[in-house]
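Sequential numbering from 1 along the given sequence is applied to the chain's residues.
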Amino acid sequence: MLTLSRMGLVLVCVFSQVNHAEEVWPVQPLSAREQLEQQFSDDILQQKKARQWVHEVANNIAAIRYVDQLADLYQSIGFVPLWQDTFTASDFEQQLRMVVLSNISSDFNRRYSLLQHYKQANDWRQYDLLATDTLFAYMSYVEGIPSYGRGWLFGAGVDPQLPIPSNTSLSRLYNAIDTERLRSYINSLKPDDENYTRLLLAIDALEPAANDDWPGFYQPGIIRLGTRLRNPDALITILEQLGDLRDFEADQIRAAGIRTYNVDLANAVKSFQRRHGLKEDGVIGPQTRQWLAISPRSRIRVLALNAQRTRLWPSDAASLLVVNIPNYALSLWLNDRHVLDSKVIVGRPSRRTPLLTTNVSSVVFNPYWNVPMSIMRKDILPKAQRDRGYLYRNGFAVIRSWQSSEQIPIHTIDWRIVNAKSFPYRLRQKPGSKNALGRFKFNMPNDHAIYLHDTPAKSLFAKETRAFSSGCVRVEQADSLAMILLNHSGVPEQRVNELKSRTKTKTVGLSNKVKVQVIYQTAWVDSDGLVNYRNDVYDYDKFVAMSQNQELFTSLYTE
């Protein structure tokens with residue numbers, strides 16, 4: 001069959017009318033291909049008009065980035081406002097504000113500031129368009145957290161050029177709009193986590209104090225009971241504002257005109273010290289004084305940052321072992337029941353313990369220690385060169401390679417000429433009282449060769465700051481942890497005790513593997529509702545310049 005063009009068809013009709021006036025030719029319909037071409041042309045035109053509408057409404061808003069997605073969305077809803085429900089807009093602004101307070105993204109900071117400007121100016125067209133564009137950016141941020149969050153929230157900050165949200169995410173948004181459930185969709189973007197909610201409430205409680213000048217408490221020296229205070233009201237106000245001294249207690253102390261450091265103040269300081277991971281002695285020394293100096297504004301930023309970090313480690317597992325690096329602590333839940341707390345020792349700042357999500361796969365009794373190359377070269381070989389008996393006394397064997405178990409007699413090595421960087425062998429420490437892993441090792445599959453283990457150096461657990469290891473996590477209650485995990489996997493207590501009484505190395509797999517999260521939270525709210533802070537041991541909280549901090553809080557607290 002011959003397919004004629006539309007112009008050809010017209011010519012044929014005209015020609016037929018001339019030669020066969022009495023014969024009438026019907027007008028043929030467009031072919032399927034022509035219909036598709038026409039539809040495509042119409043779609044291009046409509047898209048062009050929608051993009052033009054976006055540019056006209058945006059009026060050169062620099063923050064607008066997702067023009068095509070804005071054009072498609074507003075065209076699909078007939079160019080009506082998306083954010084007419086003030087509750088939905090408020091919910092979204094609240095989530096956005098938490099990102100802004102954390103100061104991880106200059107782009108979100110700018111967007112939030114512009115949204116507040118358009119709201120105050122009653123410029124609802126530009127507010128609506130920017131809010132939708134910001135929603136696309138926020139959706140992309142939430143989607144990117146699993147892959148990029150450990151960079152974004154621990155030093156790098158969020159990439160200002162976030163990609164377009166996935167088709168799946170956009171489809172969910174369109175469906176929510178079509179079914180008039182946009183507010184529900186917005187709320188689904190925040191962490192469904194009790195820790196996140198508690199941190200938001202803590203921020204709300206601190207914000208009134210953030211608008212006031214923070215009193216300075218600069219008295220040097222060690223402050224004990226009976227010490228005369230240069231500025232007692234400053235100390236009273238700080239403890240009152242942070243919740244360690246109740247309002248009526250603060251009023252009573254002020255009314256009494258107390259000028260010395262008394263029992264009431266010392267008890268409030270003990271509460272303060274407990275929440276900050278300090279020794280609870282009621283004595284104000286350098287560390288306590290340093291924490292007292294941190295203002296509500298700075299605390300709010302840390303709370304908001306840690307609220308965002310809760311996105312990385314949802315507590316959805318019934319059986320979960322959590323190591324919080326800044327808290328130097330381990331907690332274990334089995335079948336939603338809290339069964340163990342233990343102090344831990346983590347990697348020192350130069351050899352950081354990595355953030356992990358894995359599981360405990362097995363328990364090793366009386367483990368050998370296969371010394372990592374970095375530790376062998378940096379720590380052990382220099383000691384062996386200085387002290388010929390060091391390897392003998394500490395139970396080390398020199399092994400030919402990682403692929404071989406052949407032992408090289410220590411005395412055959414000329415330690416005077418050993419070069420730590422080119423040492424061709426590896427080291428292994430036998431089980432025993434001097435073994436660096438102690439009596440228990442807890443294997444966890446991961447790419448960093450990190451595991452939990454016991455240690456013979458028990459005295460280090462008495463220290464407040466416990467960042468001493470080369471990356472692995474030493475557990476004070478390793479004995480109890482081994483018993484609990486093995487019992488949970490059906491190994492009887494009698495069998496565990498039998499294995500503990502032996503000196504032979506034995507690995508026991510866990511049939512009920514327990515999820516492990518090695519996290520980094522410098523602030524959280526505990527089960528008693530108390531806000532806890534910890535020292536930023538790896539400096540992950542300090543990636544924003546002070547000038548940016550000041551600019552941020554100036555804009556937020558002058559609304």
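Defined by atom type and a distance below 3.5 Å, a donor-acceptor pair is present between the side-chain atoms of Arg111 and Thr134. Using modelled atom types and a 3.5 Å distance limit, the side chains of Thr358 and Asn446 yield no donor-acceptor pair.
Screening residues 221-243 for salt bridge (charged side-chain N to carboxylate O under 4.0 Å, His left out) gives Asp233-Arg254, Glu240-Arg254 as the qualifying pairs, with residues at least two apart or on separate chains. Judged as a ring pair (Phe, Tyr, Trp, His ring centres under 6.0 Å), not a single pair has a partner in residues 181-205 (not counting sequence neighbours). Within the structure, ring pair (Phe, Tyr, Trp, His ring centres under 6.0 Å) contacts touching residues 73-93 (residues at least two apart or in different chains) are Trp53-Tyr74, Trp53-Phe79, Trp83-Phe92, Phe92-Tyr138. Screening residues 281-296 for salt bridge (charged side-chain N to carboxylate O under 4.0 Å, His left out) gives no qualifying pairs among residues at least two apart or on separate chains. Here ring pair (Phe, Tyr, Trp, His ring centres under 6.0 Å) pairs that include residues 235-284, with residues two or more places apart or in two chains, are Phe272-His276, His276-Trp291, His276-Tyr533.
Within the 4.5 Å cutoff, side-chain heavy atoms of Ile186 are placed close to those of Leu182.
For the side-chain contact (heavy atoms from CB on, under 4.5 Å) test with Trp313, the passing option among Asp193, Leu356, Leu355, Leu320 is Leu355; the others fail.
Contacts of Arg275 classified as salt bridge (charged side-chain N to carboxylate O under 4.0 Å, His left out), with partners at least two apart in sequence or in another chain: Asp244. Partners of Asp212 under the side chain to side chain donor-acceptor pair (under 3.5 Å) rule, at least two apart in sequence or in another chain, do not exist in this structure. With sequence neighbours excluded, no residue forms a side chain to side chain donor-acceptor pair (under 3.5 Å) with Tyr451. By the salt bridge (charged side-chain N to carboxylate O under 4.0 Å, His left out) test, Asp91 pairs with Arg183, sequence neighbours left out. Residues passing the side chain to side chain donor-acceptor pair (under 3.5 Å) test with Ser470 are Arg351, sequence neighbours excluded. Trp214 meets the side chain to side chain donor-acceptor pair (under 3.5 Å) test with no other residue; sequence neighbours excluded.
Minimum interatomic distance between Leu340 and Ser480 (heavy atoms only, all atoms of both residues): CD1-CB, 4.3 Å. Residues Ala234 and Gly216 approach most closely at CB-O, 3.5 Å, considering heavy atoms.
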Under 3.5 Å, which donor-acceptor pairs link side chains of residues 321-332 to any protein atom two or more places apart or in another chain?
residue : atom : partner : partner atom : Å
Asn324  : OD1  : Gln521  : N            : 2.9
Asn324  : ND2  : Gln521  : O            : 3.2
Asn327  : OD1  : Arg534  : NE           : 2.7
Asn327  : OD1  : Arg534  : NH2          : 3.2
Ser331  : OG   : Asp341  : OD1          : 2.7

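Heavy atoms from other residues, nucleotides or ligands lying under 6.0 Å from CG of Leu334 number more than 12. More than 12 heavy atoms of other residues, nucleotides or ligands sit less than 6.0 Å from atom CZ of Phe461.
Under the 30°/60° scheme for interplanar angles, the aromatic rings of Tyr538 and Tyr520 are found to lie parallel.
One distance of note links CG of Asp123 with CG of Leu114; it measures 11.0 Å at 0.5 Å rounding.
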